[in-house]
Amino acid sequence: MSSFPAYRPRRTRRTPALRALVRETRLAVDQLILPLFVCPGQGVRRAVGSMPGVFQTSVDELVKDAREAYELGIPAVLLFGIPERKDETGSLSWHEHGVVQEGVRAIKGELPDLLVITDVCMCEYTSHGHCGVLHGVSVDNDRTLELLARQALSHARAGADIIAPSDMMDGRVATIRRVLDEEGFSEVPILAYAAKYASAFYGPFREAAESTPQFGDRRGYQMDPANSDEAVREVLLDIAEGADIVMVKPALSYLDVIRRVKEKTGYPVCAYHVSGEYAMIMAAGQLGWLDVERAMTEALLSIKRAGADMIITYWAREYARRQR
Ligand code: PBG
């Protein structure tokens, strides 16, 4: 490499056209996934206080949001359900006519080309708010696997295009893959929340999904933020069990993990720019402390630069509108 004055890095920064020519990273709208929250009822559209621009909607309103995303060129939505009622085992999570199952049917009926991804987890459906069934005060891993597979199968039967388990039980990818294959859904991919950390940045989501644990926390099953060797092991395990796409979550505090996972596996990597990461920027924007559009674009670009192939973001529609 040459040095100053032969090399002047500012030469290629002088104009927008020059900057575009040498730009290394681009984030396209067709690499974004929009999360949506579906609840019971008709004509329901409830704002989530800590996430400006995010709503809990009934199925009819959900289809409107999905249509808007589709028309903006966003290829996929990710559905979370807020059920009619919760119980110990989260039994509404695998109900044929549960909120997510009905949401999938409605979207696929009207927008067959929009990919519908479903989050598979128990925490929105259990009365205690944990991601599986309890044995005493801890989550019983192996009993939970069967229920997760039942939930995943009900989503596939409703027409889900991709199944995304987020529970962090050991062995869930293998169990879900086996059940999907046995029931004729061998072509439905699994997007595994492979390296999912026990993070403070999920706070606003738990308001949106009404899934705050009623006691304790999720550190008994989600990952310790201090670990990244373990993240690689988690990801390799999920790949060995049949994951097609692997996820790192949250994104911004874990950019190093995204990079390691990408380099180590060469698999498609999805990053989840989570609720707290979204809320921080939106809140600072409301206070006039930073420019939301520039900050959000910079955050998303950094996730892409770290090695993510696709990003789940609550800002997907805004990003798409600004690209037009
Ligand atoms: C369910 C789940 C969570 C998120 C996605 N799936 C919450 C949690 O694990 O507590 C968080 C998403 C976000 O914060 O945007 N297990």
Side-chain angles (χ1 to χ4, degrees), residues 32-38 48-56 76-83 86 90 92-93 99-100 117-126 128-134 139 141 144-145 147-148 151-152 155 162-170 172-173 176 190-225 234 246-254 270-283 296 299-300 303 308 310-316:
L32 300 179
I33 298 166
L34 175 69
L36 294 171
F37 298 90
V38 54
V48 178
S50 53
M51 299 175 73
V54 176
F55 299 86
Q56 296 177 338
V77 294
L78 169 62
L79 297 193
F80 294 95
I82 299 114
K86 300 174 190 252
L92 282 189
S93 69
V99 277
V100 165
I117 308 171
T118 54
D119 183 273
V120 168
C121 193
M122 310 305 296
C123 65
E124 297 117 64
Y125 302 89
T126 51
H128 42 77
H130 279 286
C131 301
V133 282
L134 296 182
V139 175
N141 190 90
T144 301
L145 296 181
L147 305 185
L148 291 167
Q151 185 185 150
H155 292 173
I162 301 178
I163 301 293
S166 73
D167 51 281
M168 288 301 277
M169 296 303 118
D170 296 331
R172 78 268 165 78
V173 174
I176 291 170
I190 294 178
L191 161 55
Y193 286 69
K196 177 175 176 180
Y197 287 88
S199 171
F201 293 105
Y202 306 151
F205 171 94
R206 292 180 187 170
E207 180 193 341
E210 301 177 12
S211 66
T212 307
Q214 297 306 299
F215 65 89
D217 55 43
R218 301 206 204 293
R219 279 182 281 199
Y221 38 102
Q222 298 181 349
M223 281 188 55
D224 183 338
E234 274 279 11
V246 289
M247 192 194 300
V248 176
K249 172 188 173 190
L252 290 181
S253 301
Y254 301 89
C270 177
Y272 199 142
H273 185 235
V274 302
S275 59
E277 301 177 299
Y278 172 84
M280 284 194 298
I281 295 176
M282 295 303 279
M296 205 69 86
L300 295 175
I303 298 167
M310 65 199 87
I311 305 176
I312 301 170
T313 170
Y314 301 96
W315 216 62

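Note that this is a predicted model, so its numbers are computed, not measured. Both ligands and their constituent atoms are indexed starting at 1 by order of listing. Numbering starts at 1 and runs along the sequence shown.
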Discussion item. Is there a side-chain contact (heavy atoms from CB on, under 4.5 Å) between His273 and Trp315? Walk through the geometry before answering.
Written reply: CA-CA 9 Å; His273 185 235; Trp315 216 62; 5.8 Å; no
Practice prompt. Decide side-chain contact (heavy atoms from CB on, under 4.5 Å) for Phe55 and Phe37; before the verdict, give the C-alpha distance in whole Å, the side-chain angles of both, and the deciding distance to 0.1 Å.
Written response: CA-CA 7 Å; Phe55 299 86; Phe37 298 90; over 6 Å; no
Discussion item. Any salt bridge linking Arg172 with Asp167? Criterion: basic side-chain nitrogen under 4.0 Å from a carboxylate oxygen.
Written reply: yes
Taking only heavy atoms of [X], which atoms of ligand 1 are found under 4.0 Å from at least one of them?
| X | answer |
| --- | --- |
| Asp119 | 6 (N) |
| Lys249 | 2 (C), 3 (C), 4 (C), 5 (C), 6 (N), 11 (C), 12 (C) |
| Cys123 | 1 (C), 16 (N) |
| Ser166 | 1 (C), 2 (C), 6 (N), 16 (N) |
| Tyr314 | 12 (C), 13 (C), 15 (O) |
| Lys196 | 1 (C), 2 (C), 3 (C), 6 (N), 8 (C), 9 (O), 16 (N) |
| Tyr272 | 12 (C), 15 (O) |

Worksheet item: Which of parallel (below 30°), tilted (30 to 60°) and perpendicular (above 60°) describes Tyr221 and His130?
Response: perpendicular
Item to complete: Spell out, as yes or no, whether a donor-acceptor pair under 3.5 Å connects the side chain of Gln222 to the backbone of Met168.
Response: no
Worksheet entry | Any donor-acceptor N/O pair, Ser166 side chain to Cys121 backbone, under 3.5 Å | no
Worksheet item: Is the closest heavy atom of Met168 to ligand 1 under 4.0 Å?
Response: no
Within-4.5 Å side-chain heavy-atom neighbours: [X] and [Y]:
| X | Y | result |
| --- | --- | --- |
| Lys196 | Tyr272 | no |
| Pro35 | Tyr314 | yes |
| Lys86 | His128 | no |

Worksheet item: When you look for heavy atoms under 4.0 Å from ligand 1, do you find them on the side chain of Phe80, its backbone, both, or neither?
Response: side chain
Practice prompt. Mind checking whether Asp167 contacts ligand 1 via backbone (N, CA, C, O), side chain (CB onward), both or neither, at a 4.0 Å heavy-atom cut-off?
Written response: neither
Worksheet item: Got an N/O contact under 3.5 Å between Ser275 and ligand 1?
Response: yes
Fill in: Polar atom proximity, Glu124 to ligand 1 (N or O, under 3.5 Å)
no
Practice prompt. Among all protein heavy atoms, pick out the one at the shortest distance from atom 12 (C) of ligand 1; state its residue, atom name and that distance to 0.1 Å.
Written response: Phe205 CD1, 3.3 Å
